[in-house]
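Whatever order the structure lists them in is the order used to number ligands and atoms, beginning at 1.
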Amino acid sequence: MIAGRSGHTARVALTIIVAALADAGLKVGATYGPGHADLKVRATYEPAQTPTFDLVIRGGLVVDGTGAARFRADVGIRGDRIVSVDRNGIAADQAAQTLSAAGLVVAPGFIDHHAHIQTNIHEYPLAENFTRQGITTILASLHSGSQPWPLDAYMARLKVAPNVGFFAGHSWARTRVIGLEDRAPTAAELEEMKQLVGESMQQGALGLSTGLVYVPANYAKTEEVIELAKVAARHGGIYVSHMRDEATGLLDSVAELIRIAEEAGLPGQIQHHKAVGVTQWGWSEKTLAMIDAARARGLDITLDLYPYTASSTGSSVLFPQWALAGGRQAFARRIADPAQREKIEREMRDIFEKERGGGDLKNVQFRSVGSDRRYDGRTLADLAADRGLPNSIESGIALVIELQLAGGFSAIYHAMHEDDVRRIMRHPVAMFDTDGDPVGFGVGFPHPRSYGTFPRVLGRYVREQQVLTLEEAIRKMTSLSADQIGQPERGRIAPGMYADITVFDAEAIADRATFEDPHQYPVGIRHVIVNGTPIIRGGALTGATPGRVLKGPARQR
Ligand SMILES: [Zn+2]
């Protein structure tokens with residue numbers, strides 16, 4: 001009630017108040033008391049006057065992420081949440097903003113289970129090569145290299161388009177405590193490593209990640225990993241791993257991962273599961289049977305994969321790991337010793353034959369050769385030809401040793417069979433990862449997975465080959481993946497869920513990046529929304545950075 005000193009003053013005051021209330025979405029009525037001395041102002045909330053939704057995605061086919069059949073509905077968003085999924089449609093005046101999804105699929109945003117973003121995502125805040133695939137969450141499990149430290153300070157500073165999640169890194173903790181030495185930690189050193197894993201978990205890591213094929217993690221015995229995984233388990237973490245050997249030692253590696261999960265008492269996830277090398281093709285039948293048997297015993301074992309028949313990693317995988325122990329100088333000393341060099345070459349021949357592309361040097365395609373950038377994007381066969389050498393394992397070994405002495409290289413290794421890719425993809429607990437890098441458009445020679453993974457699954461393997469139904473593929477990319485990291489309020493299109501949403505054309509979606517020409521964005525992704533904010537609208541980046549850090553625990557403790 002406003003007591004007016006005079007009619008005029010009261011009217012001016014009332015006008016201002018009415019305008020302010022109207023701005024706030026309130027309908028205002030005023031009545032004048034006797035003699036205009038008393039003004040009574042009533043304000044009532046009338047929702048019909050204001051849009052109920054900040055954003056409505058109209059006219060799409062909802063594939064809700066649970067595996068349920070698609071259905072036609074409008075999706076209403078308020079703030080960062082989905083508040084309505086209406087099969088009868090949402091009236092136009094209810095929406096402050098509308099995105100058309102006519103003829104398109106409306107799915108939860110895709111979750112990438114492993115990409116190499118843990119120390120550089122802040123340099124690529126829009127993470128364009130990921131988000132243009134429809135990815136709304138990227139997990140920074142690390143197989144080698146460092147993790148940010150302190151993790152919480154790094155997380156707090158991040159301002160990026162997609163959501164991100166971090167892991168405690170075994171290789172980082174080991175290197176920090178005992179460097180690159182090929183030995184077991186002392187009891188005190190192991191305590192220090194456990195401390196680092198524990199602190200990372202407290203700061204919000206989702207679990208422990210390992211890359212047991214890489215120096216120095218490959219010097220670790222299984223027991224060391226179990227001790228660290230127990231720390232992650234105490235904090236509700238999961239265990240994710242680039243296993244010790246994805247080629248001739250694949251079955252032992254799966255057994256090791258299952259043992260680590262069982263003895264440490266936490267879920268275990270095989271990352272980028274594959275069978276590398278001609279002699280191992282078909283082994284995914286055996287590995288999936290091992291996973292099924294473990295699950296039947298009550299263990300929570302899962303996996304992820306990328307949909308390509310070539311992998312990408314450093315040159316170290318072409319060497320027996322003992323040959324590289326202690327770093328570059330130690331390697332040079334061994335190579336200078338004829339007896340040791342002969343032993344290294346003998347073991348390398350085995351690796352070339354059974355693990356990395358057989359005898360054809362075309363199967364090793366350089367991504368980045370630090371000592372001679374002219375070969376970036378070309379193959380080991382090209383290098384041999386330029387030197388007048390035959391395309392043979394002998395040439396390959398000599399050239400790779402020379403390049404390693406000059407600092408090594410990264411390469412794409414064509415060494416998998418598509419039958420294994422399809423079989424692994426079909427497994428009910430298979431999720432997806434890009435194993436990708438944040439890339440500047442046109443810079444370097446990335447593996448095409450950095451650009452094409454999720455559209456490739458939906459185009460090549462769902463639409464063209466019908467390996468999975470659309471609903472099942474989306475389930476693996478969304479609700480299954482969100483639950484795995486303890487985020488049940490993501491990965492689904494339903495009222496109450498966070499509005500992480502990808503709208504795409506199921507008839508057109510496809511990857512465009514190839515091994516020869518990797519810098520190509522996929523087609524068919526129309527809108528991508530993170531926490532209620534569009535980061536891609538009508539196929540174009542908006543520049544928004546609404547991503548959040550998704551923290552553990554991944555499981556109830
Ligand atoms: Zn890896």
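- Under a cutoff of 6.0 Å and an axis angle of 45°, Arg132 and Tyr521 form a cation-pi pair.
- Cation-pi geometry between Arg449 and Tyr306 is met: the NZ or CZ atom falls under 6.0 Å from the ring centre, inside 45° of the normal.
- Ring orientation note: the planes of Phe110 and Phe454 are close to parallel, at an angle under 30° on the 30°/60° scale.
- Residue pairs meeting the ring-ring contact (aromatic ring centres under 6.0 Å, His included) criterion with at least one member in residues 190-224, sequence neighbours excluded: Tyr214-His242.
- Within the protein, the number of N, O or S atoms lying under 2.8 Å from the Zn ion (ligand 1) is 3.
- Atom CD of Gln465 has more than 12 neighbouring heavy atoms from other residues, nucleotides or ligands inside a 6.0 Å radius.
- Partner Asp304 forms a side-chain hydrogen bond (donor to acceptor under 3.5 Å, both in side chains) with one of His113, Gln271, Lys476 and no other, that one being Gln271.
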